[in-house]
Amino acid sequence: MREAQPMIRGVRGAPDILPVEVIRWQRAEAAARRILENYGYQEIRTPIFERTELFVRGIGEGTDIVDKQMYTFEDRGHESLTLRPEGTAPVIRAYLEHRLFTQGDLCKVYYIGPMFRHERPQAGRFRQFHQIGAEAIGVADAAVDAEVIDLLAHLFDTLGVDTWELQLNSIGDEACRPLFRERFARYMRGRKEKLCPDCLVRLERNPLRILDCKVAGCRALVAEAPNSLDSLCEKCETHFRRLQELLQLLKIDYTINNHLVRGLDYYTRTTFEFVNPALGAQNAIAGGGRYDLLVGEMGGPPTPGIGFAIGLERLLISLPPEDSKEAWAGVFAAVLGEEAFQMGLRIIQELRRKGIRAALDMEGRSLKSQMRLAHKECYRHALILGDEELKAGLATVKDMAQGGQEQVPLREVVDWLMSRERRGAAQEGSDR
Ligand code: HAM
C-alpha cells in the first residue's frame, strides 16, 4: 500500500489566483489594454528573468530592491540571474538591444505580468505580484508626463476605483539633484544620533534613500529635512510648472508631496504616485516618474523617458465588489429529458460557434438545481427546454439578471438570444 504523502503548500507571499477571482483580473487587464492602446501604447513582453547586473545598474545599489529584495540565483551555467523586481530596466534593455529608437522619436510600450520582490508579506504586499506598466521613451516635454498621468486617472475612473489621490513631486536633474542630495545629507549628518542603523549606512552610501525609511524616528527627521523642490534649477522648475499647468488644463487634481522620491534610483524631475487612502500602509496603487538619464546609464544614447506601473493586486482591492448583473453574459440551457438534451446541445453548439458563452447540464440535474447553477455562474439567459416546450415548438427563455421570461419559437431562438446577448454586451461596453 502506498504511504499517504504530506501536502506541499504554495510559497508564502505568492498567492494563487483562483478561477472565481480571475474574472476580475481579466476585466481590469482588458480595460487597461484598451485604454493604453487608445493612448498609443503597444504591448511588449520581456522575459521574467534577466542578468542581475541589469537591475543593479538600473535600479541602483543602496536601494531596498537591489540590496534586500531581489530573487537572485546562479543558473547551471554559473550566470547570476534575477527574477524581475520591476519592468522599466528590462524594457530599456530591450529598447536598446532591438534599437527601437530607430522607429520614431517616441516609443510607447506597455507590459502586464508578474514581478518578484522578497518583501515581508502583509496586506497588499506580496513576493510575487503583478504590474501593468508603461514606458514612453524619447521625449522630454512635460506634456508626456501629463499624458501619462491622464491615462492613469482615466483608467482608475473607468474601472471605478473608489477614491484615489495623485501625489506629485519633482526631484530635479543632474544639475540640481547633487545640490539637494548634499543639503539633505548635511542635515542628516548633523542628526546622526537619531537615525536608525540602516539609515546610518544609507547616509554613507545613498543618502536620499533615507526618504524611504519607515522607522518613526527617521520619518520625523525627514519631515523637517530640506526638500527637493527648494533646490530645483530653472529648467526643472519650468518643467514642473508646465506639468502642473497641463494637469490643471486637463482637470486632474493633485497634491504636492515634496518628500516623494520613490524607491528606485533612476528618477529625475517628475515623480508621482496614485494612492488609495482606504488601503492602509500599502496604499500606492501606482507609481512612476521621469528617468531622463537611465537610457544613457544603460549604455544607450542620452534619451529621456517616463513611465509608471500599477500594482494589480492593490488596484483590484480598490474596486467596488462585482455584483453588477450587467456583467452577466451567456446562455445556460436547462434541459429535462434526452430529447430536450439533444435539442439543447445543438443550440449551445450553434451559440458557441457564433461567439456566445453557453453551457448545458450534463449531469441530469433537476430543473431547480440547473437554474441554481445558471445563477451561480452568472449566465444572463436560461433556456428552458422540456417535453411540453418541444411539442409546442417553443423554448422558454428566462432573463436571469432582470427577471421575467418569454416563450420564443424554437426556430428563432438562436437569433433571438444572439441579439439579446449582443445588446447586453454593447450596453456593458458603454458603461465602462
Ligand atoms: P514601484 O513603485 O516599485 O515602481 O511599483 C509600482 C507599483 O507596484 C506600486 O505602486 C505598487 O502598487 C505595486 N507593488 C510594488 N511592490 C509590491 C509588492 N511587494 N506587492 C504588491 N504590489 C507591489 C516600479 O516598479 C517602477 N518600475 C514604475 C515605473 C515605470 N517608473 C517608471 N516607469
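Just so you know, ligand 1 is whichever comes first in the structure, and atom 1 is the first atom listed for that ligand. All figures in this text were calculated on a predicted structure; none of them were measured in a lab.
Within the cation-pi definition used here (under 6.0 Å to the ring centroid, within 45° of the axis), Arg84 does not qualify as a partner of Phe55. Figure legend: cation-pi geometry between Arg125 and Phe129 absent, as NZ or CZ is not positioned both under 6.0 Å from the six-membered ring centre and within 45° of its axis.
Ranking protein heavy atoms by distance to atom 1 (P) of ligand 1, first place goes to Arg262 NH2, 3.5 Å. Among all non-hydrogen protein atoms, the one lying nearest atom 19 (N) of ligand 1 is Glu119 OE2, 2.6 Å. Ranking the protein heavy atoms by distance from atom 33 (N) of ligand 1 puts Glu135 OE1, 2.9 Å first. If you check which protein heavy atom lies closest to atom 7 (C) of ligand 1, you get Ala309 O, 3.6 Å. For atom 27 (N) of ligand 1, the closest non-hydrogen atom of the protein is Glu86 OE1, 2.6 Å. The closest protein non-hydrogen atom to atom 20 (N) of ligand 1 is Phe126 N, 3.0 Å. At the shortest separation from atom 30 (C) of ligand 1 among protein heavy atoms lies Thr88 OG1, 3.0 Å. Distance from atom 12 (O) of ligand 1 to its nearest protein heavy atom, with residue and atom name: Ala284 O, 2.8 Å.
Contact between Pro15 and Gln128 at its shortest, heavy atoms only, is CD-O, 4.1 Å. Looking at every heavy atom in both residues, Ile356 comes nearest to Val331 through CG2-CG2, 4.2 Å.
Looking at Ile285 against ligand 1, only its backbone comes within 4.0 Å, counting heavy atoms. Heavy atoms of Gln131 found under 4.0 angstrom from ligand 1 belong exclusively to the side chain. Residue Arg314 touches ligand 1 through its side chain alone, judged by heavy-atom distances below 4.0 Å.
With atom 32 (C) of ligand 1 as the reference point, the heavy atom nearest to it among Gly307, Pro85, Ala134 is part of Gly307. Among Phe129, Tyr266, Tyr111, Phe116, the residue whose heavy atom lies closest to atom 15 (C) of ligand 1 is Phe129. When the heavy atoms of Phe308, Tyr267, Phe272 are ranked by distance to atom 31 (N) of ligand 1, first place goes to Tyr267.
Contact analysis leaves Glu313 out of contact with ligand 1, as no non-hydrogen atom separation drops below 4.0 angstrom. Distances shorter than 4.0 angstrom do not occur between any heavy atom of Phe274 and any atom of ligand 1. No heavy atom of Gly263 sits closer than 4.0 Å to any atom of ligand 1. Under the 4.0 angstrom criterion for non-hydrogen atoms, Ala286 is in contact with ligand 1. At least one heavy atom of Gly124 sits closer than 4.0 Å to an atom of ligand 1.
The number of heavy atoms from other shown groups lying within 6.0 Å of CG (Leu345) is above 12. Atom OH of Tyr187 has more than 12 heavy atoms from other residues, nucleotides or ligands within 6.0 Å. In Glu234, the CD atom is not crowded: 12 or fewer heavy atoms of neighbouring residues, nucleotides or ligands sit closer than 6.0 Å.
A salt bridge is absent between Arg380 and Glu421; no separation between the charged side-chain nitrogens and carboxylate oxygens falls under 4.0 Å. Ion pairing between a basic and an acidic side chain is recognised when a charged N comes within 4.0 Å of a carboxylate O; Arg33 and Glu29 show no such pairing. A salt bridge is absent between Arg209 and Asp64: the closest approach of a Lys/Arg side-chain nitrogen to an acidic carboxylate oxygen does not fall below 4.0 angstrom.
Ligand 1 has an N or O atom lying under 3.5 Å from an N or O atom of Arg117, backbone or side chain.
The atoms of ligand 1 that sit less than 4.0 Å from any heavy atom of Gly288 are 31 (N).
Note on ring orientation: taking the six-membered ring where Trp is involved, the planes of His154 and Tyr39 are tilted (angle from 30° to 60°). Using cut-offs of 30° and 60° on the angle between ring planes, the pair Trp164 and Phe274 is tilted.
The aromatic ring centres of Tyr41 and Tyr110 sit 6.0 Å or more apart.
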